[in-house]
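Contents: one structure, followed by commentary.
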There are 2 protein chains.
Amino acid sequence: MDELTPQQQKIFDFIRKTIERSGMPPTRSEIQLAFGFRSPNAAEDHLRKLQQRNAIEILPGTARGIRLKKSSLMSGALNNGSLPLIGRVAAGSPILSEAHVQGRYQVDPALFKPRADYLLRVRGSSMRDAGILDGDLLAVHRSAEARSGQIVVARVHDEVTVKRLRRRGASVELLPENPDFKAIVIDTRQDSFAIEGIAVGLVRNERLL
Amino acid sequence: MDELTPQQQKIFDFIRKTIERSGMPPTRSEIQLAFGFRSPNAAEDHLRKLQQRNAIEILPGTARGIRLKKSSLMSGALNNGSLPLIGRVAAGSPILSEAHVQGRYQVDPALFKPRADYLLRVRGSSMRDAGILDGDLLAVHRSAEARSGQIVVARVHDEVTVKRLRRRGASVELLPENPDFKAIVIDTRQDSFAIEGIAVGLVRNERLL
DNA sequence: CCGGGTACTGTATATAAATACAGTTATGCG
DNA sequence: CGCATAACTGTATTTATATACAGTACCCGG
């Protein structure tokens, strides 16, 4: 993606702010008004250039048909500041499918770094010593890759689990943070294994007694 | 706010999904198409009813002028969905004074029971075994009263601390959840002591490594 | 000094979209 | 039963929006 000129950046920022503020992208006229242009075509020109530079996507013939392409926002989590809560995940099905969404919590995805994509309710106390307790909502950033030492959401033989990842050459260890639990050792050449995401935060709203 | 009929709920969900998927609210025609209506007015009718029931806001004369008002499932309290983060609390000053507000986090106060009033950054690891770690944001419900056994934000001799409360007749104990720390015993007749609030939840957004 | 890019003005127009008006069918309520 | 309400069909009309076409002014590099 090319660099944007200062003016183009301002237009881009205005689009982003408009989406945040009003919940929808601006029209050409609204851009015109906001910048004091005397022609809606000034806005049109800028949008074309932003599209050329891959900063936005224009949906032809569509009112307010502007999409931000840069990393700014957008993902499984929307800008309105809510995250889907994923419930019990069925074997063999993708974690973010509609069927698993049990609700939405109004928690800003951008509160976490990197951005959280969904919340997962933690079962069991295998990560107790990392301060992750039974019933906690784990904020997860969707990713198929993770570094050794990170706490990850992993899928082993169609079962979803939260553990600390440790790489050992061709094998992978999933370590609990509780001496009462045993580590899971995986031979990546033999066992079915996939990383679903990286733990980026936590929300606890019960069991505080 | 009234309840929505199943069909109205479907329309509402469609609007939410459309915003998530495409980055903008749907038009009447798009709703019509998605539900197989033969008239755009069917969509118009539904939108009117959703507005009557305070589920959405319609911006008149505006393309895609639909705003979600109640954030799906979450209790529809009219709050702006954010909580102040209280920083270092100066001696002798009330905890919720403007001077201490370090920022606001977009976290729904109604996510916690009872409702959270502010977030407090936890210092130290004295509550480690309760899953409350250094740097965590404690969600606090403002209250001058608390039951024995609850985790409270207390002020002892002008110092603010988070501990488990235990009542012992005329005295009060503030118990850490970490054997490395010692309990604080207070004679309520002699010592300056006040409960600032009750811990109702937790948000962690760092130190997840 | 010419060509190309940025940053616009000004006018025009097809169409995307909101929305009014007039009905229809079905259901539940008192 | 009559009546309100939900959930539509069908048609029409305005207006909001996207977008084409024709220019102007300025800066920059070759």
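Within every chain, numbering begins at 1; the chains are lettered A, B, ... in the order of the sequence lines, protein sequences first and strands thereafter. As the structure is a computational prediction, the values presented were derived from the model and not from experiment.
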Problem set entry | Side-chain donor/acceptor of T62(B) to backbone N/O of P60(B), under 3.5 Å | yes
Exercise. Is there side-chain contact between Q106(B) and L111(A), with at least one heavy-atom pair below 4.5 Å?
Worked result: no
I'd like a table of atom pairs between the protein and nucleotides 25-30 of chain C - only N or O on both sides, under 3.5 Å - with the distance next to each one.
none

Exercise. Any donor and acceptor pair, going by atom type alone, linking the side chain of R67(A) with main-chain N or O of M24(B) inside 3.5 Å?
Worked result: no
Exercise. Where is the tightest heavy-atom contact between A199(B) and L138(B), given as atom of each residue plus distance?
Worked result: CB-CD2, 3.8 Å
Seminar exercise, completed: Contacts of S192(A) meeting side-chain contact (heavy atoms from CB on, under 4.5 Å) (sequence neighbours excluded), chain-then-number -> H157(A)
For this session: Write down the atom of L133(A), the atom of A130(B), and the distance for their closest heavy-atom approach.
Result: CD1-O, 3.6 Å
For this session: Could you pull out all residues at least two apart from R28(B) that satisfy salt bridge (Lys or Arg N to Asp or Glu O under 4.0 Å)?
Result: E44(B)
Exercise. With sequence neighbours excluded, what pairs up with A139(B) under the side-chain contact (heavy atoms from CB on, under 4.5 Å) test?
Worked result: F112(B), A116(B), L119(B), V200(B)
Strictly under 3.5 Å: I want the nitrogen or oxygen pairs between protein and nucleotides 3-6 of chain C, one per line.
residue : atom : partner : partner atom : Å
dT6(C)  : OP1  : R53(A)  : NH2          : 2.4

Problem set entry | Verdict with reasoning, R16(A) to I19(A), per side-chain contact (heavy atoms from CB on, under 4.5 Å) | CA-CA 5 Å; R16(A) 189 170 43 69; I19(A) 294 173; 5.9 Å; no
Problem set entry | Positional range of nucleotides in DNA chain D within the contact set of chain A, heavy-atom, under 4.0 Å | dT17(D) to dA22(D)
Distance-only donor-acceptor hits, side chain of residues 171-180 of chain A, under 3.5 Å, sequence neighbours excluded:
residue : atom : partner : partner atom : Å
S171(A) : OG   : R168(A) : O            : 3.1
E173(A) : OE2  : R168(A) : NE           : 3.1
E177(A) : OE2  : R164(A) : NE           : 2.5
E177(A) : OE2  : R164(A) : NH2          : 3.1
N178(A) : OD1  : D180(A) : N            : 3.0
N178(A) : ND2  : S125(A) : O            : 2.9

For this session: Under the salt bridge (Lys or Arg N to Asp or Glu O under 4.0 Å) rule, collect the residues that match up with D191(A), sequence neighbours excluded.
Result: none
For this session: For P26(A) and I15(A), work out which heavy atoms get closest and say how close.
Result: CD-CG2, 3.9 Å
Could you list all N or O pairs between the protein and nucleotides 12-19 of chain C that sit under 3.5 Å apart?
residue : atom : partner : partner atom : Å
dA16(C) : O3'  : G61(A)  : O            : 3.4
dA17(C) : OP1  : A63(A)  : N            : 2.8
dA17(C) : OP1  : R64(B)  : NH2          : 2.8
dA18(C) : OP1  : R28(B)  : NH1          : 3.4
dA18(C) : OP1  : R64(B)  : N            : 2.5
dA18(C) : OP2  : R28(B)  : N            : 3.0
dA18(C) : O3'  : G61(B)  : N            : 3.4
dT19(C) : OP1  : G61(B)  : N            : 2.5
dT19(C) : OP2  : R28(B)  : NH2          : 2.9

Problem set entry | Which residues share a ring pair (Phe, Tyr, Trp, His ring centres under 6.0 Å) with F193(B), sequence neighbours left out | none
Exercise. Of R128(A), R123(A), R204(A), which is the lone residue that meets salt bridge (Lys or Arg N to Asp or Glu O under 4.0 Å) with D136(A)?
Worked result: R204(A)
For this session: Take the C1' atoms of the five end pairs on each side of the helix from dC1(C)-dG30(D) to dG30(C)-dC1(D), derive the two axes, and give their angle rounded to 10 degrees.
Result: 30°
For this session: Using the test ring pair (Phe, Tyr, Trp, His ring centres under 6.0 Å), find all partners of F35(B) that sit at least two apart in sequence or belong to another chain.
Result: F14(B), F37(B)
